[in-house]
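Predicted model, so just to flag it, every value in this text is computed and none were measured. Residue numbers start from 1 in every chain, and the chains themselves are labelled A, B, ... in the order their sequence lines are given, proteins ahead of strands.
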Amino acid sequence: MNENEAKKRIDELRKLINYHNHRYYVLDSPEISDAEYDEFIKELQHLEEEFPQFLTPDSPTQRVGAAPVEAFGVVEHQIPMLSLGKAFSQEELLAWHKRISGLLGESEFDLVAEHKMDGLAVALIYQDGKYVTGATRGDGFRGEDITQNLKTIKSVPLSLPKGVPSRFEARGEVFLSKKGFKKLNDDRAKAGQPLFANPRNAAAGSVRQLDPRITAQRPLDIYIYGVGQAEGGKTFTTHWETLEYLKSLGFKLNPQNKLLKNLQEAENYYQHWVEERERLPYEADGVVFKVNRHDLQERLGNVGGEPRWAVAYKFPATQATTVLEDIGINVGRTGTLNPFAILKPVNVGGVIVKRAALHNEDDIRRKDIRIGDTVIVQRAGDVIPEVVGPVASLRTGKEKRFVMPTKCPVCGSEVTKPEGEAMSRCTNMSCPAQIFELVKHFVSRGAMDIEGIGEKLAEALLKAGLIKDVGDIYTLEEEKLIGLERMGKKSADNVLKAIEESKKRPLSRVIFALGIRHVGSETAEILAKHFGSIDRLSQATEEELMTAPTIGPTIAESIVAFFRQGSNRKVIGKLKKAGVTMQEKAARPHALPLTGKEFVVTGKLDSFTRTEAETRIRELGGSVGSSVSKKTDFLVVGADPGSKLDRARQLGTKILDEKQFLDMLEGKKK
DNA sequence: CCGCCTCGAGTTCT
DNA sequence: CTCGAGGCGG
């Protein structure tokens with residue numbers, strides 16, 4: 001290949017790559033496969049190596065691999081990057097609107113609504129259509145030169161179409177998607193590095209890497225929201241037109257931007273996203289409203305370093321800081337010691353939070369959470385409150401590191417933490433905490449389903465010594481029950497009736513109810529089918545157990561150990577004596593209607609709870625999965641479905657609404 | 001041996 | 001809903 005041919009092919013490839021890059025990273029609708037794209041990149045790299053005279057900084061191969069710098073240079077913003085005034089309530093939004101309406105002498109004017117991304121503001125500067133400089137906002141007047149780092153973001157165009165102003169500055173927000181943020185933190189956790197508290201910190205940290213090769217590995221993205229400096233070229237009369245123009249230049253804009261007619265529509269827009277923000281692929285901490293017409297913007301001007309023509313209306317915070325007063329320990333059914341945070345009560349997004357999950361010891365150490373720390377607490381949507389991490393800068397030095405007790409806080413027995421496992425466990429099988437949890441599990445809905453025995457009664461029964469293990473439930477008598485708190489004849493009768501009922505539960509439920517470690521509802525089902533009775537199951541050796549599907553050495557060992565334990569054999573004896581199901585029911589004459597079909601349920605159903613629906617499916621021979629996969633046959637969708645619906649659509653899984661599902665249960669169609 | 005897919009277990013607040 | 005871990009396929 002001679003020089004001329006090479007030059008021609010290089011230009012061609014760059015055009016091609018830029019086009020497909022834009023399709024993929026900006027428009028989210030690729031036309032070619034990743035492999036084909038990589039082929040183009042490879043070919044271009046080869047040519048550029050062979051003909052280095054044609055290598056230019058705006059070549060798509062130059063996004064990665066610039067050498068690290070010692071420190072960042074300074075970039076002066078020709079037009080300051082101002083921060084926005086904030087509104088925290090409807091009243092404050094109203095006040096903003098009223099003030100500018102007064103200044104303008106009219107109250108109906110278009111507004112542009114945008115999401116306030118949880119990221120960091122940057123400027124991209126183009127000279128004669130070529131990307132030359134990228135800068136952080138800094139203090140608004142001077143920022144840091146992060147040109148090489150921003151270049152690694154694939155949705156940043158490196159060159160613009162002909163006809164753009166000779167010097168052109170686009171402004172936007174660099175951010176991490178929720179997924180990207182999570183993945184980044186997961187990777188850091190695995191590597192034992194400190195975690196980022198939120199996507200903004202993560203984005204800022206990534207963009208301010210001295211080594212652009214590190215930045216290139218972070219899944220950063222950018223939404224452009226405006227123009228800074230622009231010498232020559234087009235002028236626009238509204239902000240919306242400016243946004244359209246930016247889009248036409250190849251910049252990536254937030255698809256949720258919207259042109260609104262008045263304040264009412266702005267309030268609706270806000271309300272909508274307060275409710276829907278969980279569903280967004282990125283984190284937003286509010287919405288921004290901007291006066292659309294540029295002439296009105298100019299008349300309103302700036303005041304106190306903030307433009308009067310825009311306002312950031314913040315969402316209710318999902319994070320708050322409070323003091324971690326102590327770390328408590330719960331002992332679970334399987335003896336696991338589960339630490340939880342005891343917090344100085346704090347309002348997070350309208351809910352008073354006093355406790356929060358702290359999954360395990362490693363997690364506490366990884367996040368370096370200490371008792372007495374001021375911590376960030378987060379409650380996203382319906383999700384359980386969790387401690388994100390400490391605010392290390394507020395430490396006084398009096399904070400105490402958490403140490404997992406070596407004795408069970410409930411019974412005082414030895415605690416072990418097997419090598420390589422995340423959980424510490426109490427070794428005492430008859431630890432009162434474990435027995436209590438086991439009773440709760442035994443009577444719970446998915447297990448023996450004894451209505452009337454709940455947390456309260458279970459505790460009372462144990463305390464009064466009426467039961468010592470789950471087998472004793474079947475020897476309870478009316479007179480004894482009536483003595484207990486809030487328990488009259490009527491309630492006692494009901495409880496006894498429910499206990500009687502529970503004797504009829506199928507074998508699989510009984511196996512599940514026993515609470516054998518690693519044996520949940522699915523595995524119990526398999527064991528019941530495979531062994532047919534408790535007697536055969538209890539006599540099975542590890543080898544025999546492992547012939548059943550999904551049973552490996554760990555589960556097999558756990559089952560054998562369970563039945564070897566004398567106390568467990570005694571419990572089974574009691575259940576047998578009471579007449580609880582010990583055999584799989586005789587093979588049914590005809591196959592159940594839903595045999596072999598796997599269901600997944602999402603959202604709220606009207607006719608019954610999700611667990612009830614799942615039980616019904618199992619009774620009819622179907623199985624229930626917890627997430628949608630290739631194997632799933634049907635997704636049952638109730639109100640307010642979660643991400644499972646998206647996944648089902650992706651996989652083309654058959655989707656049933658509640659009505660169709662009920663019809664199916666009644667056997668109307670298959 | 002590693003990565004993917006499921007299952008099991010535990011959590012908070014209204 | 002999320003995390004950890006068991007099972008199994010590539």
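Applying the ring-ring contact (aromatic ring centres under 6.0 Å, His included) test to A/Y474 and every residue at least two apart in sequence or in another chain returns nothing. Residues passing the side chain to side chain contact (heavy atoms under 4.5 Å, CB included) test with A/D472 are A/I467, A/K468, A/D469, A/T475, A/K574, sequence neighbours excluded. Among residues two or more places apart in sequence or in another chain, the side chain to side chain contact (heavy atoms under 4.5 Å, CB included) test is passed with A/K504 by A/E501. With sequence neighbours excluded, the residues forming a ring-ring contact (aromatic ring centres under 6.0 Å, His included) with A/F175 are A/Y223, A/Y282, listed by chain and number.
Rounded to whole angstrom, the span from the CE atom of A/M546 across to the P atom of C/dG7 amounts to 8 Å. One interatomic measurement links the two molecules: CD of A/Q378 to C1' of B/dT12, which rounds to 14 Å at whole-angstrom precision. As rounded to whole Å, 15 Å separates atom C1' of B/dC13 from atom CD of A/E386. C/dC3 atom P lies 15 Å from atom CD1 of A/I364, rounded to whole Å. Protein atom CD1 of A/I516 is 10 Å distant from nucleotide atom P of B/dA9, rounded to whole Å. Remark: P of B/dA9 and NE2 of A/H441 are 7 Å apart, rounded to the nearest angstrom. One can place CD1 of A/I551 at 13 Å from C1' of B/dG8, the figure rounded to the nearest angstrom. Rounded to whole Å, atom C1' of B/dT14 lies 14 Å from atom CG of A/N347.
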For a quick test of your reading: what N or O donor-acceptor pairs under 3.5 Å do the side chains of residues 541-553 of chain A make, sequence neighbours left out?
unit_1: A/T541; atom_1: OG1; unit_2: A/E544; atom_2: N; d: 3.2
unit_1: A/E544; atom_1: OE1; unit_2: A/T541; atom_2: N; d: 2.9
unit_1: A/T547; atom_1: OG1; unit_2: A/E544; atom_2: O; d: 2.5

List the atom pairs, with distances to 0.1 Å, where a side-chain N or O of residues 425-435 of chain A and a protein N or O form a donor-acceptor pair under 3.5 Å, not counting sequence neighbours.
unit_1: A/R425; atom_1: NE; unit_2: A/T334; atom_2: O; d: 3.4
unit_1: A/R425; atom_1: NH2; unit_2: A/T334; atom_2: OG1; d: 3.1
unit_1: A/T427; atom_1: OG1; unit_2: A/E414; atom_2: O; d: 2.9
unit_1: A/N428; atom_1: OD1; unit_2: A/S430; atom_2: N; d: 2.9
unit_1: A/N428; atom_1: OD1; unit_2: A/S430; atom_2: OG; d: 3.0
unit_1: A/N428; atom_1: ND2; unit_2: A/S413; atom_2: OG; d: 3.4
unit_1: A/Q434; atom_1: NE2; unit_2: A/N428; atom_2: O; d: 3.0

Donor-acceptor pairs under 3.5 angstrom involving side-chain atoms of residues 530-539 of chain A: please list them, not counting sequence neighbours.
unit_1: A/S533; atom_1: OG; unit_2: A/R536; atom_2: N; d: 3.1
unit_1: A/D535; atom_1: OD1; unit_2: A/K576; atom_2: NZ; d: 3.0
unit_1: A/R536; atom_1: NH1; unit_2: A/F531; atom_2: O; d: 3.3
unit_1: A/S538; atom_1: OG; unit_2: A/I534; atom_2: O; d: 3.2
unit_1: A/S538; atom_1: OG; unit_2: A/D535; atom_2: O; d: 2.9

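In this structure, the side chain of A/N568 engages the main chain of A/F562 through a donor-acceptor pair within 3.5 Å.
Within a heavy-atom distance below 4.0 Å of DNA chain B, the residues of residues 325-346 of chain A found are A/N330, A/G332, A/R333, A/T334, A/T336, A/N338, A/F340. Scanning residues 424-438 of chain A for heavy-atom distances under 4.0 Å to DNA chain C yields an empty list.
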Could you write out each protein N or O paired with an N or O of nucleotides 4-6 of chain C at a distance under 3.5 Å?
unit_1: C/dA5; atom_1: OP1; unit_2: A/A422; atom_2: N; d: 3.0

Verify side-chain contact (heavy atoms from CB on, under 4.5 Å) between A/F402 and A/I369, making sure each step is shown before the conclusion. CA-CA 8 Å; A/F402 171 75; A/I369 295 167; over 6 Å; no
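Applying the salt bridge (Lys or Arg N to Asp or Glu O under 4.0 Å) test to every pair with at least one member in residues 448-459 of chain A, sequence neighbours left out, gives these pairs: A/K440-A/E455. Sorted by first and then second residue, the salt bridge (Lys or Arg N to Asp or Glu O under 4.0 Å) pairs with a member in residues 340-357 of chain A form an empty list; sequence neighbours excluded.
Neither OP1 nor OP2 of B/dC7 sits under 4.0 Å from any side-chain N or O of A/S521.
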